[in-house]
Amino acid sequence: MTKQTKRQATQVYRAYWDKGADIYDSIIDKEIADGAYGKWEQLIREQLGRKSESRLSVLDVGTGPCFFGILLSRMGHRVTAIDSSPEMIAKARHNADKYGCDINIVEADMMEYRRSDPFDLVISRNVTWFLANPAGAYKGWYEMLKPDGEVHIFDANWNLHLTDPKEALLYQQAHQEAVDKGYIPYREEAEIAEGNELYVTLPLSYVKRPSWDVEMLTAIGFNRVEVRSGFDQPFYSTGEQILNRHRPMFAIKAVK
């Protein structure tokens, strides 16, 4: 990919997330207001173990409207939150102020962002699937960690149904059942189609995860990589539980 092509792709991706900023902002407002917030806090505390009792230096990658940034700041950690979408950054800053959190919010390309002062924790939720160069991102995160620092990735095989016929059939059946139960998609049909065109250009739409991630993180040099699953259903509505039946979330913990 030439520099010009890469720049054009970045602009397209940024515009797509800019358009979704209002939608995702309303989602995290609901998460903070209802039981999802407490469930996520408990899950992160469990993933961190005794480290959750220390004041950690945290990088929240692809923060969006800053749900994880707010949660981790309220837990007492020092948070830097980055996103490449100007509209998402505006929402993040508004929400940090709204919820009384002191967060260093930076508009930055997550592939290019670097800081000389290392982090204890790099964390992301539903971000890595959209990376054009996930291996490069993981290497960058490794380099920004302190010794014994950790990367925590929460994600799923969100778009494997676009590239795998078997997964496509399972998804179509689940989607129809979810709609019959009252599920309403977050985006309009035209935006979903636009998104699907972008998703099939991304490498992680073609691999089975988290096995791919475990292999890559190990090759990069992480000393220990752990995977957790089976935790996501309580976060979902009934329709979302049905829709995501065949694409459960996973949590990866990689220790430097």
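For the numbers below, each heavy atom of this structure counts, side chains included, while hydrogens, waters and symmetry mates do not. Just so it is clear, the structure is predicted and the values come from calculations on it, not from any experiment.
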Group every Ile, Leu, Val, Met, Phe, Trp and Tyr by side-chain heavy-atom contacts under 4.5 Å, then state whether [X] and [Y] land in the same group.
X      : Y      : value
Met75  : Tyr37  : yes
Val127 : Val227 : yes
Phe235 : Ile28  : yes
Val179 : Leu169 : no
Ile192 : Val12  : no

Test Lys30 against Ile27 for side-chain contact (heavy atoms from CB on, under 4.5 Å), laying out the working first.
CA-CA 5 Å; Lys30 181 177 181 298; Ile27 292 171; 5.8 Å; no
Does any non-hydrogen side-chain atom of [Y] lie less than 4.5 Å from one of [X]?
X      : Y      : answer
Leu202 : Asn159 : no
Val122 : His152 : no
Asp155 : Arg125 : no
Val151 : Tyr138 : no
Arg114 : Glu143 : yes
Phe154 : Asn126 : no
Leu160 : Tyr206 : no
Lys51  : Leu121 : no

So Tyr183 and Tyr186, would you call those rings parallel, tilted or perpendicular, with 30° and 60° as cut-offs?
perpendicular
Do Tyr24 and Asp29 pass the side-chain hydrogen bond (donor to acceptor under 3.5 Å, both in side chains) test, and can you show the C-alpha distance, the side-chain angles, and the key distance before you say yes or no?
CA-CA 9 Å; Tyr24 290 97; Asp29 259 347; over 6 Å; no
Report the C-alpha distance between Glu46 and Gln42 in whole Å, list the side-chain angles of each, state the deciding distance to 0.1 Å, and finish with yes or no for side-chain hydrogen bond (donor to acceptor under 3.5 Å, both in side chains).
CA-CA 6 Å; Glu46 291 172 2; Gln42 179 61 33; 3.0 Å; yes
Within the side chain of [X], is there an N or O that forms a donor-acceptor pair under 3.5 Å with the backbone of [Y]?
X      : Y      : value
Ser84  : Ala108 : no
Asp18  : Glu87  : yes
Asp25  : Ala21  : no
Glu240 : Ser237 : yes
Ser85  : Met88  : yes

Between Glu167 and Lys208, does at least one N-O distance fall below 4.0 Å, as a salt bridge requires?
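Yes, Glu167 and Lys208 are salt-bridged.
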Do NZ/NE/NH1/NH2 and the carboxylate oxygens of Arg228 and Glu226 come within less than 4.0 Å?
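Between Glu226 and Arg228 there is no salt bridge, as every charged N stays at least 4.0 Å from the carboxylate O atoms.
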Quick one: [atom1] on [X] to [atom2] on [Y], what's the gap to the nearest 0.5 Å?
X      : Y      : atom1 : atom2 : result
Ile44  : His77  : CD1   : NE2   : 8.5 Å
His175 : Ile242 : NE2   : CD1   : 11.5 Å
Thr80  : Ile105 : OG1   : CD1   : 9.5 Å
Leu162 : Asn196 : CG    : CG    : 4.5 Å
Ile23  : Trp17  : CD1   : CH2   : 10.0 Å

Apply ring-ring contact (aromatic ring centres under 6.0 Å, His included) to His94 and list each qualifying residue two or more places apart in sequence or on a separate chain.
none
Looking only at heavy atoms, which two atoms of [X] and [Y] are closest? And how far apart?
X      : Y      : answer
Ala156 : Arg209 : O-NH1, 4.0 Å
Asn133 : Gly136 : OD1-N, 3.0 Å
Arg74  : Cys101 : CG-SG, 4.0 Å
Ala96  : Ile103 : CB-CD1, 4.1 Å
Ala135 : Trp212 : N-CH2, 4.1 Å

Check whether more than 12 heavy atoms from other residues, nucleotides or ligands sit under 6.0 Å from atom [atom1] of [X], and answer yes or no.
X      : atom1 : value
Asp102 : CG    : no
Lys139 : NZ    : no
Lys181 : NZ    : no
Glu215 : CD    : no
Arg50  : CZ    : no

Can you give the donor-acceptor pairs under 3.5 Å from side chains of residues 247-256 to other protein atoms, not counting sequence neighbours?
{"from": "Arg247", "atom 1": "NE", "to": "Asn244", "atom 2": "OD1", "distance (Å)": "2.8"}
{"from": "Arg247", "atom 1": "NH1", "to": "Trp158", "atom 2": "O", "distance (Å)": "2.6"}
{"from": "Arg247", "atom 1": "NH2", "to": "Asn244", "atom 2": "OD1", "distance (Å)": "3.1"}
{"from": "Lys253", "atom 1": "NZ", "to": "Gln47", "atom 2": "O", "distance (Å)": "2.8"}
{"from": "Lys256", "atom 1": "NZ", "to": "Tyr142", "atom 2": "O", "distance (Å)": "3.0"}
{"from": "Lys256", "atom 1": "NZ", "to": "Leu145", "atom 2": "O", "distance (Å)": "2.9"}

Check against side-chain contact (heavy atoms from CB on, under 4.5 Å), Leu170 and Arg245:
CA-CA 9 Å; Leu170 292 172; Arg245 180 187 295 149; over 6 Å; no
Could you walk me through whether Leu243 and Tyr171 pass side-chain contact (heavy atoms from CB on, under 4.5 Å), step by step?
CA-CA 7 Å; Leu243 181 70; Tyr171 177 79; 3.7 Å; yes
Report, one line per pair, each donor and acceptor closer than 3.5 Å where one atom sits in a side chain of residues 55-71; sequence neighbours left out.
{"from": "Arg55", "atom 1": "NE", "to": "Gly76", "atom 2": "O", "distance (Å)": "3.0"}
{"from": "Ser57", "atom 1": "OG", "to": "Arg115", "atom 2": "NH2", "distance (Å)": "3.2"}
{"from": "Asp60", "atom 1": "OD2", "to": "Thr63", "atom 2": "OG1", "distance (Å)": "2.6"}
{"from": "Asp60", "atom 1": "OD2", "to": "Gly69", "atom 2": "N", "distance (Å)": "3.1"}

